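Not measured: the values here are computed from a predicted model.
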Amino acid sequence: MDAGLRPRIDANQVPSPIQLVEEDRLKWQGQPYMTLPGKYAPASTSDFTAIDQGSASPKFARVTTWKFPSSSRLASECAIPLAAVFQPFAELDPVTEEPVPLVHTGESGPARCERCRSHETEVSAEYFCSLDANLMRLDYRERPELLKGTVDFVVPEEYWAINPPQGLTSPYYTHEPRKTGSRQPEPMKYIFAFDVSHEAVQLGLLRSACACVARILFGGTAADGATLDACFPPECSVAFLTYDTTIHFYDLSADSARMLVVSDIEEVFVPLQQGLFVNPIQRREALESFLETLPARFENASFPEAALGSLLRSCHAALAGHGGQVFVFSGTMPTVGIGQLKAQPNEADFFDTDKERVLYQPRDNVWIEIGQDCAADGIGVHMILTPIKFMDVGSIAIVPSLTGGDLLYHPRYDPLRDEIVLESQLQRLMRRMQGYNCVMRIRSSHGINVTKTHYGNFYQTSPTNLEFGVLDADKAISVVLEHSGRTLSSREIVHLQCSMLYTTVSGERRARICNVALQVAELAGNVFQFADLDTTVCHMAREALASRTKQKMSIVREELTEKCGSLLLGYRKNCAAASRIDQMILPEVFKTLPSYILALAKSKPLKGLHVSSDVRNYHAHRMNSMPIRSLIHYIYPQLMALHDLEDDAALPYDDGSNRIRIPSVMRSSHTFMEANGIYLIDLFGVDDIMVLNPKLMRLPTLETRFSTQVRNILHQRRLRRGRITTLLLARQNLDATELEFSDMLVEDQNNGNLSYTDCKPLPIFSPRTHFDVVL
């Protein structure tokens, strides 16, 4: 070998992320996790059963280390970021885990500390109770709020949502004075708004949207042939709007829906007092007829523009004083009305310059104002975007980001290909646990502070208060912690509490409390031993996403690498024994951190190659509020070999349960793949791979064991996500989707970055490096 050539590192000698994931998954399979402080929590990627012993399950709250550093100096030396991630509406296993208890407290409300106003700490005298011989309250077992780490309270009027104060100018025109003071909880109101501009109609978006919404309201046969039950809450009401260069309201109180057109899109208003919102059960025939005939009414639509900003202001006017959810279907960039946007900038001129950050910010502040106003009024906005060209997601997506809503992105929408996925996504949005008019606050015990730095999709009205128009089971927020100045004792317990007020879909005001208890560590070794890799990666990811709007992307990626290197260096300096300079000492928990940081740098929002700002902003919106488990799987995709499945893999256990034997996944690299496609022929039921339809929407059902195994695997992943994902067929050297597949192999050299074996969080990888993992 030439002296100038650097020999490659054997990939099998580099710590494997998949190995850690699989080991943890097998460890906790069928094993309960007790939530008392002092134990290391299962990885977010493992399926485990948590038994709530007074500290919240890791499904609701996770921290970057389960043993909190005793001082700020120790935390600085370790270089592990101090952060917590809360997912208040996380879904529990209905078979093996107890539901969150619901406590009725009457007019007094939940017991609160008279000094700091936190729940269930130092309380008033009325809450006192006698103790037994073991110094435990006599009513301890009868009070879930004293026994469990996560509790729901039904709260009285003093906790009701507050109408926002009226500003100097109103965002919409109204004859009636705006409501003030507290608002009585009521069942949620829903608005479905359809884009009826020329592009949206021609794409088939309007027809697909009406069909999907009809099945949400009344059930029916889905696009994939499955039978769906109605999932619209029976006590709730619904309204429909359409829009192009005008806004169209519909009076649904009559058998034939009457359309009222608002042509003034600069000063919008609601043109009717009665008939806008109706109960779909009571008005079923009228709504079925309306949704069936609506596409035909606009089939000859000629308006090329759509006033999306004006539509959102109209929805705000309709829901003001109540709150609710808005589902907006949009196929074109808003170039008229409120918040009208100009043509696409030449992104090539911005790429890799200091001006690049403007691509990831709203070009008009009116979109920020719309999002803030909706969030303050308890309105969550979901957007379904189907552009065929630039749409400026960076501007319009700030509305769902501030209100806690979702962003669904289907570029070049094709009903034959995309309607199945779109319907599954909409069904998930309706069926999951959620609340509206939400206010959240994170509190901490003495010795640590909750900083004003929070990450997620919400509207931060103060350093401590976060407001959500809507919050659901698929959203998580993270918060940065710091020491308040004093040194903590190892005998102390650090407490964190996530307190969230919300209104249920059925109209009941509640408070969900998540309490976390952590032990204190005085040694760096203990801090590292109980560190949480998944939470640390999640925090670093959201920190990097927040930096996109402040500095150019190359600096963001460099900072990620430096933070990874600082953390590993902190372990070497404070925990490892003296060693050779060419010996890399890795902490057991963080031995795969470099692979995740590399994968994060290759993700769509942060990768080095030129990517459309619309695509970057869409994926950034998703990553910013993903639960930890989803984020880890997004950053490092799960790759599973199908050609060597064992005979009993992905088949039900013999105990009669619906559980299946989950096959192991493999590392995301071409190095570990085999060029073997014979089983794909068996999978698709054809004799020639060339005859396969590259736009295949779902796998055929074949009477073979292999077909059953693969469909079981996909069904299991669908259950975990709660929705169907797009199926892409990538035949080697045949389909363009092979490029997308290759980009997901994050350990390879791609996406404008190095391979895993060549990456350097510090100059520590070399052909002679010894990888020693030290506990």
Participant: Measure the CG-NE2 distance between L241 and H248 for me, rounded to the nearest 0.5 Å.
Facilitator: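 Going from CG on L241 over to NE2 on H248, the span is 9.5 Å.
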
Participant: So, do L408 and L426 sit near enough that their side-chain heavy atoms are less than 4.5 Å apart?
Facilitator: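 A side-chain contact exists here, since the closest heavy-atom pair is under 4.5 Å.
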
Participant: Is a side-chain donor-acceptor pair under 3.5 Å present for S314 with Y243?
Facilitator: no

Participant: Determine whether more than 12 heavy atoms belonging to other residues, nucleotides or ligands lie under 6.0 Å from atom CD of E299.
Facilitator: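 More than 12 heavy atoms, drawn from other residues, nucleotides or ligands, come within 6.0 Å of this atom.
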
Participant: Determine the sole option in F329, F290, F327 for which the ring pair (Phe, Tyr, Trp, His ring centres under 6.0 Å) test with F240 is passed.
Facilitator: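 Single ring pair (Phe, Tyr, Trp, His ring centres under 6.0 Å) partner of F240 among F329, F290, F327: F290.
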
Participant: Quick check: are there more than 12 heavy atoms from other residues, nucleotides or ligands sitting under 6.0 Å from CZ of F390?
Facilitator: yes

Participant: Using the ring centroid of each side chain, check whether F89 and Y502 are separated by less than 6.0 Å.
Facilitator: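 So the answer is yes for these two rings.
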
Participant: Under the criterion salt bridge (charged side-chain N to carboxylate O under 4.0 Å, His left out), I'd like the reasoning laid out for E91 against R431: C-alpha separation, chi angles, the key distance, then a yes or no.
Facilitator: CA-CA 12 Å; E91 295 178 334; R431 294 179 184 271; over 6 Å; no

Participant: What closest approach, in Å, do N163 and D377 show between heavy atoms, and which atom pair accounts for it?
Facilitator: OD1-OD1, 4.3 Å

Participant: If you compare all heavy atoms of V270 against all heavy atoms of A318, which two are closest, and at what distance to 0.1 Å?
Facilitator: CG2-N, 3.7 Å

Participant: I'd like to know if the side chain of R313 and the backbone of V268 have a donor-acceptor N/O pair within less than 3.5 Å.
Facilitator: no

Participant: If we ignore hydrogens and angles and just use 3.5 Å, is the side chain of N624 paired with the main-chain N or O of G456 as donor and acceptor?
Facilitator: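 Yes: the side chain of N624 pairs with the backbone of G456.
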
Participant: Please report the closest heavy-atom contact between A376 and E467, naming both atoms and the distance.
Facilitator: CA-OE1, 3.4 Å

Participant: Evaluate the side-chain proximity of V393 to L407: yes if any heavy-atom separation is below 4.5 Å, no if none is.
Facilitator: yes

Participant: Got K189 and S237 here, is their nearest side-chain heavy-atom distance under 4.5 Å?
Facilitator: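 They are in side-chain contact.
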
Participant: Just verifying a value: how many Å separate Y250 OH and L276 CG, rounded to the nearest 0.5 Å?
Facilitator: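 If we round to the nearest 0.5 Å, Y250:OH and L276:CG are 12.0 Å apart.
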
Participant: Taking 4.0 angstrom as the limit, do R432 and D406 come out as a salt bridge?
Facilitator: yes

Participant: Under the side chain to side chain contact (heavy atoms under 4.5 Å, CB included) test, which residues partner S625, sequence neighbours left out?
Facilitator: N457, K475

Participant: Would you give the length of the straight line joining atom CG of L501 to atom CZ of R510, rounded to the nearest 0.5 angstrom?
Facilitator: 13.0 Å

Participant: May I have the step-by-step check of side-chain contact (heavy atoms from CB on, under 4.5 Å) for L359 and R616, ending in yes or no?
Facilitator: CA-CA 9 Å; L359 298 175; R616 288 189 189 269; over 6 Å; no

Participant: Measuring only between side-chain heavy atoms, which start at C-beta, is V261 closer than 4.5 Å to M259?
Facilitator: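 A side-chain contact under 4.5 Å exists here.
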
Participant: Taking atom CZ as the centre, does R207 end up with more than 12 heavy-atom neighbours from other residues, nucleotides or ligands that are less than 6.0 angstrom away?
Facilitator: no

Participant: Using side-chain hydrogen bond (donor to acceptor under 3.5 Å, both in side chains) as the criterion, list what pairs up with E288, not counting sequence neighbours.
Facilitator: R284

Participant: Is P110 close to V155 at the side-chain level, that is, under 4.5 Å between some pair of heavy atoms?
Facilitator: yes

Participant: Can you confirm whether L471 sits close enough to P88 that some side-chain heavy atom of one is under 4.5 Å from a side-chain heavy atom of the other?
Facilitator: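 The answer is yes, as the side chains (C-beta and beyond) meet within the 4.5 Å cut-off.
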
Participant: Before giving the answer on side-chain contact (heavy atoms from CB on, under 4.5 Å), spell out for I368 and L402 the whole-Å C-alpha distance, their side-chain angles and the decisive distance to 0.1 Å.
Facilitator: CA-CA 8 Å; I368 298 177; L402 287 169; 4.1 Å; yes

Participant: Check step by step if salt bridge (charged side-chain N to carboxylate O under 4.0 Å, His left out) holds for D474 and R723.
Facilitator: CA-CA 11 Å; D474 297 329; R723 56 182 174 82; over 6 Å; no

Participant: Starting from the C-alpha separation in whole Å, work towards a yes-or-no answer on side-chain contact (heavy atoms from CB on, under 4.5 Å) for I247 and S310.
Facilitator: CA-CA 8 Å; I247 311 299; S310 302; 4.2 Å; yes

Participant: Counting heavy atoms not belonging to E292, are there more than 12 under 6.0 Å from its CD?
Facilitator: no

Participant: Keeping Q166 on the side-chain end and T180 on the backbone end, is there a donor-acceptor pair under 3.5 Å?
Facilitator: no

Participant: Would you say the side chains of Q434 and Q325 form a donor-acceptor pair under 3.5 Å?
Facilitator: yes

Participant: Kindly give the heavy-atom pair with the smallest separation between Y173 and F269, and that separation in Å.
Facilitator: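 That closest heavy-atom pairing would be O-CB, 3.2 Å.
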
Participant: Mark yes or no for whether T403, through its side chain, and V381, through its backbone, hold a donor-acceptor pair below 3.5 Å.
Facilitator: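 Pair found, side chain donor or acceptor close to backbone of V381.
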
Participant: Could you tell me which residues satisfy side-chain hydrogen bond (donor to acceptor under 3.5 Å, both in side chains) with N449, sequence neighbours excluded, listed by chain and number?
Facilitator: none

Participant: Can you tell me how far apart CH2 (W367) and CD1 (I396) are? Round to the nearest 0.5 Å.
Facilitator: 6.0 Å

Participant: Evaluate the side-chain proximity of L217 to R283: yes if any heavy-atom separation is below 4.5 Å, no if none is.
Facilitator: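 No; the side chains remain at least 4.5 Å from each other.
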
Participant: Restricting to pairs with a member in residues 256-277, which pass side-chain hydrogen bond (donor to acceptor under 3.5 Å, both in side chains), not counting sequence neighbours?
Facilitator: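 The answer is D251-R258.
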
Participant: Please find the pair of heavy atoms, one from H454 and one from L466, that lie closest to each other, and give the distance.
Facilitator: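 Result for this residue pair: CD2-CD1, 3.8 Å.
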
Participant: F277 and H322: aromatic ring centres closer than 6.0 Å?
Facilitator: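 They do not qualify: ring centres at least 6.0 Å apart.
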
Participant: At what distance, to the nearest 0.5 angstrom, does SG of C538 lie from OH of Y455?
Facilitator: 11.0 Å

Participant: Start with the C-alpha distance between I513 and Q497, add both sets of side-chain angles, then the distance that settles side-chain contact (heavy atoms from CB on, under 4.5 Å), and finish with yes or no.
Facilitator: CA-CA 7 Å; I513 310 300; Q497 183 182 86; 3.6 Å; yes

Participant: For the residue pair Y190 and F192, categorise the inter-ring angle as parallel (less than 30°), tilted (30 to 60°) or perpendicular (more than 60°).
Facilitator: parallel

Participant: Do I442 and M440 have side-chain heavy atoms sitting under 4.5 Å apart?
Facilitator: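 Yes. Closest side-chain heavy atoms under 4.5 Å.
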
Participant: Among all residues two or more places apart in sequence or in another chain, which pass the side-chain hydrogen bond (donor to acceptor under 3.5 Å, both in side chains) test with Q372?
Facilitator: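 Partners of Q372 by the side-chain hydrogen bond (donor to acceptor under 3.5 Å, both in side chains) criterion come out as none, since no residue qualifies.
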
Participant: Determine yes or no for a side-chain-to-main-chain donor-acceptor pair under 3.5 angstrom, with N279 supplying the side chain and C236 the backbone.
Facilitator: yes

Participant: Considering non-hydrogen atoms only, spot the tightest contact between T246 and I265 and give its length.
Facilitator: CA-CG2, 4.0 Å

Participant: Between S395 and R363, is there a donor-acceptor pair closer than 3.5 Å when you use the side chain of the first and the backbone of the second?
Facilitator: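 Yes; judged by distance alone, with no hydrogens or angles, the pair exists.
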
Participant: Is it the case that the side chains of S499 and R441 hold a donor-acceptor pair, with the cut-off being a distance below 3.5 Å and no angle test?
Facilitator: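 Looking only at side-chain atoms, S499 and R441 do not form any donor-acceptor pair under 3.5 Å.
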
Participant: What residues, two or more places apart in sequence or in another chain, satisfy side-chain hydrogen bond (donor to acceptor under 3.5 Å, both in side chains) together with R215?
Facilitator: E419, E423

Participant: Do Q425 and H410 have side-chain atoms, one donor and one acceptor, less than 3.5 Å apart?
Facilitator: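 A donor-acceptor contact under 3.5 Å links the two side chains.
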
Participant: Nearest 0.5 Å please: distance from the CD1 atom of I370 over to the NE2 atom of H316.
Facilitator: 10.0 Å

Participant: Could you walk me through whether R428 and D472 pass salt bridge (charged side-chain N to carboxylate O under 4.0 Å, His left out), step by step?
Facilitator: CA-CA 10 Å; R428 174 62 180 171; D472 55 72; over 6 Å; no

